[in-house]
Trainee: 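Structure incoming, see below.
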Amino acid sequence: MPKWAMVIDLDKCTGCGACMSACKLENNISIVKPEQANKGRVMFWMNIMQEYEDGIPAENSRRTPKLCFQCDKPPCTKVCPVHATYLNPEGLVGQVYHRCIGCRYCMAACPYTAKVFNWYEPEWDSSMKECLNPHVSLRMKGVVEKCSFCAHRLIRVKENAAAEDREIRDEEFVPACMENCPADAIYFGDISNKNTKVYKAASNHRAFRMMEELGTEPKVIYLSQRE
Amino acid sequence: MEKDYKKEIDYPLYKPIYETGKGFYIALFILLAIAAWAAYMYIRQVTYGLGVTGMNVPVSWGFYIVNFVFFIGISHAGTLISAILRLSKAEWRRPITRMAEVITAIVLLIGGIHPIIDLGRPDRVLNIFTAGRLQSPLLWDVTSITAYFTASTVYLYLPMIPDIARLRDHGGKLRWFYNFLSWGWHDTPRQKKVLERAINILMVIVIPIAVSVHTVISYIFSMTLQPGWHSTIFGPYFVVGAIFSGIAALIIVMITFRKVFHLEGYLKEIHFRYLGTLLLVMSLLWFYFTFSEYLTGVFAAEPHEMRTIMYKFTGPFAIFFWGMVVCNFIIPVIFLSFKKLKKIPGILFASITVVIGMWLERLIIVIPSLANPRLPLHRGIYIPSLTEWSLFIGAVALFILGYMVFSKFFPIISIWEIEEGRKESAQIVKQRVESYMPENVNNKI
Amino acid sequence: MKNSNKKYFLNKIFIFQTISVTLIWVLFIGIVLWVSNLVHLSIFWHDQRGISISISLVALPIFFTLASVLTYVFIGLHKEEKKLMSKEKGEEE
């Protein structure tokens, strides 16, 4: 059974934000009106994290791409009252939009604030509506959503591999953020396989995981010379 | 055959049921209007989505959860206190127990619907039956609140049977209704024994249920890893807070009914002084818990924890935090320790501040932890919207409405217990006290 | 009210009372079914079944005690009423 994991090399990352927009388009994430966004309801599955001081970016602060960390011991699935978020055997933390009752307990329990909520019915203007991704289901108002590691792509990759009767190749299953990273700062793949790029990257001495001390065992690993 | 309620000694207790003034209808109308407004706001919320509230990321819980914890806390007034008073054979409980139990039943109903109001998809709430996870603290809540609600309704209903039978025997309105509810009560000794035995069983099981309810509600927060929530003290801290706010709410309700229904003969100053002492004890206990909770946080000074604590001490929530300390500790201690101030107006004032202070405490527990997540990505500010205020006021209105309507159908002071007390309690207490006394050694020799 | 009328009235009330007590049992049995469904789900999905089983073991006896206490009172009170009524009848005859 593969274990999907991601490595983000912060020393390579330019903080351009291409991953954010690629993710937003790939996953049909609702585009929130500016006044709603100012209220803190902006929706990103992949976001750029930065310390601010008095409204301006803090000195020496780093721009860190941050998504759902797909924890191996997820605090969010523990609290869900209806099995709407779960850990699958391949290590993906799934979200069942059609079962979610919108209690937002998982959002409150996530130490990484990785989840977003559909406060209103998701909206796109007419030109955007035409380029919705047909492979990703649309969400409805009142449910929680978050990064899926582009699990819809995995389905296609698996089907292709099964049709050609072979194993999934390394870097065959790639999420949209990695595909669009101009600096090649993101690695993705099966971390349980020692021949993958992601495994090698993760064994780098610069590797660390966000707030490892919480015991959530995130599967997003950062590489950085600093800290 | 039918007795005339006007000739009863306890006429003031029967009076509100048979005679209804204009004031009642005016109040009923106002409260119904408020409730209708709240219902409208809720329907609006369901139509448009939770966006009409002030919640956001990261403050994903707001007033609804605050009020949920608050109302369930108030519900501890009743059944728990009444059970403790009955268990300890406090004779002064007689006019109090019923009022306390009614608070529980009504407030639990109101508090219990708050999580549903809070849902983004209330249409899917039945998923907890088909796909629920008993492992989730939210489902622990559903179970324990259901248990508490059924137990406290039964505990309210059973001791009411003799009173319902009295109403049935006095004839007049709703004959079938009282007949239906009185379960064939005829004041026979055997029936009394059955009822007494049942009440005894109930009051023993109702205490652990009540304690478990607020403990489990605290678990919603303390089971997560969030700074400010992940604390082992939360269970008892919540229970103490709940009893504290419950007693305060009980005192307010008692003083209101005493005034409106002219029950000065039943609810005497001594009752309020005793309850005031209980409130004072709870206030000190509450302070002790709050002190330990924050001192451990400040002393260890874990950075994430510290940020939420400073948010409360000096940040945007400082006014609420220090307001809470004043309302929950300083005012009650001043007003309840000195004999001069410990009169009904003083006790009422202290109770009102305690209810406000305990509401602030729930606010302070829920919001700052959410507003200061561990990662510096989001910093939230939470400003409740009109919808949330409307539903809050609507919930309070619904509580008053429920209580008013109840008082028109059932006596809010237990008539039979008062009668029984008048007849035999002085005798029983005398015997009990005599049994405590050391025996006279000289007699034995 | 005539005696036969009264008796008819009381009988009707008694039927409704019995139905209401039965409904309480139906409610509690419903809770049992619900909880056992959830336990079943947690076993089926390999999802911390120990927790759900232990919670159900704590919760269910409470509901049953409540229902039994209610039934006990119901039966106890009605037995007495029957006795009283038959006595009344005996005195009339």
Side-chain angles (χ1 to χ4, degrees), chain A residues 32-33 36-44 47-52 58 61 64 66 69 75-84 86 96-122 140-144 210-211 214-216, chain B residues 46-62 65 115-116 118-142 220-221 223-227 229-230 304 366 369-371 373-383:
Chain A
V32 180
K33 292 197 187 79
Q36 287 296 317
N38 285 338
K39 276 190 185 172
R41 290 167 178 178
V42 67
M43 296 182 79
F44 285 115
N47 208 338
I48 299 273
M49 178 167 68
Q50 180 157 36
E51 278 286 4
Y52 283 88
S61 75
T64 314
K66 197 213 69 150
F69 289 162
C76 57
T77 62
K78 272 191 205 165
V79 298
C80 179
V82 290
H83 282 111
Y86 63 96
V96 187
Y97 310 123
H98 285 269
R99 197 189 284 149
C100 173
I101 57 173
C103 69
R104 306 187 300 294
Y105 197 0
C106 54
M107 294 173 75
C110 175
Y112 307 109
T113 1
K115 303 207 173 192
V116 285
F117 187 72
N118 288 281
W119 299 100
Y120 287 109
E121 196 71 56
M140 55 298 279
K141 69 163 188 263
V143 299
V144 176
M210 204 66 89
M211 289 191 281
L214 293 179
T216 52
Chain B
V46 173
T47 334
Y48 290 106
L50 277 176
V52 297
T53 66
M55 292 183 274
N56 52 45
V57 177
V59 189
S60 50
W61 279 345
I65 297 293
I116 298 172
D118 183 60
L119 290 186
R121 306 287 318 186
D123 50 324
R124 295 183 188 163
V125 67
L126 294 180
N127 279 5
I128 61 166
F129 294 107
T130 53
R133 286 180 78 240
L134 267 185
Q135 303 90 309
S136 162
L138 270 188
L139 265 264
W140 305 352
D141 254 357
V142 173
I220 293 187
F221 304 104
M223 290 291 161
T224 66
L225 285 169
Q226 305 304 24
W229 283 1
H230 189 54
H304 296 296
V366 175
S369 284
L370 286 170
R374 288 176 190 265
L375 284 185
L377 177 60
H378 306 277
R379 282 284 174 273
I381 197 96
Y382 171 68
I383 300 158

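All heavy atoms count here, side chains included; hydrogens, waters and symmetry mates do not. Predicted model only: the values in this text are computed from it and were never measured. Lettering follows sequence order; numbering is per chain, from 1.
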Trainee: Under 3.5 Å, is there a donor-acceptor pair between the side chain of A:Arg104 and the main chain of A:Val116?
Mentor: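 No.
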Trainee: Measure distances from A:Cys76 to the heavy atoms of chain B and classify the residue's part below 4.5 Å as side chain, backbone, both or neither.
Mentor: neither
Trainee: For the residue pair A:Arg41 and B:Met55, what are the closest heavy atoms and their distance?
Mentor: NH2-O, 2.7 Å
Trainee: Counting only non-hydrogen atoms closer than 4.5 Å, does B:Val142 touch chain A with its backbone (N, CA, C, O), its side chain (CB onward), both, or neither?
Mentor: neither
Trainee: Against chain B, label A:Met43 side chain, backbone, both or neither, depending on which of its atoms sit under 4.5 Å from a heavy atom there.
Mentor: neither
Trainee: Given a strict heavy-atom distance threshold of 4.5 Å, which part of A:Thr216 is in contact with chain B: side chain, backbone, both, or neither?
Mentor: side chain
Trainee: Less than 4.5 Å to any heavy atom of chain A: does that hold for the side chain of B:Thr53, its backbone, both, or neither?
Mentor: both
Trainee: Which atoms of B:Trp140 come close to chain A, meaning under 4.5 Å heavy atom to heavy atom: side chain ones, backbone ones, both, or neither?
Mentor: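 For B:Trp140, there is no contact with chain A at all, as no heavy atom is under 4.5 Å.
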Trainee: Which answer fits B:Val46, side chain, backbone, both or neither, if we ask what part of it has an atom under 4.5 Å from a heavy atom of chain A?
Mentor: backbone
Trainee: Shortest non-hydrogen contact from A:Thr113 to B:Pro58?
Mentor: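 Closest approach of A:Thr113 to B:Pro58, heavy atoms only: CG2-CB, 3.7 Å.
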Trainee: Side chain from CB out, backbone as N, CA, C, O: work out which of these in B:Ile220 comes under 4.5 Å of a heavy atom of chain A, or both, or neither.
Mentor: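 Both the backbone and the side chain of B:Ile220 come within 4.5 Å of chain A.
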Trainee: Relative to chain A, which of B:His230, B:Gln135, B:Arg374 shows the most heavy atom pairs under 4.5 Å?
Mentor: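 Ranked by heavy-atom pairs under 4.5 Å with chain A, first place is B:Arg374.
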Trainee: Using the salt bridge (Lys or Arg N to Asp or Glu O under 4.0 Å) criterion, which residues pair with A:Arg99? Sequence neighbours excluded.
Mentor: none
Trainee: With only heavy atoms counted, which part of A:Pro111 is less than 4.5 Å from chain B, the side chain, the backbone, both or neither?
Mentor: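 For A:Pro111, heavy atoms of backbone and side chain both lie under 4.5 Å from chain B.
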Trainee: Check A:Met140 against B:Arg121 and note the closest heavy-atom contact, atom names and distance.
Mentor: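 Nearest pair, atom of A:Met140 first, then B:Arg121: CG-NH1, 3.4 Å.
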Trainee: Can a donor-acceptor pair be found, under 3.5 Å and without considering hydrogens, that links the side chain of B:Asn127 to the backbone of A:Val82?
Mentor: no
Trainee: Can you name the closest pair of heavy atoms from A:Cys103 and B:Trp61 and give their distance?
Mentor: O-NE1, 2.9 Å
Trainee: Select one option (side chain, backbone, both, neither) describing which atoms of B:His304 are under 4.5 Å from chain A's heavy atoms.
Mentor: side chain
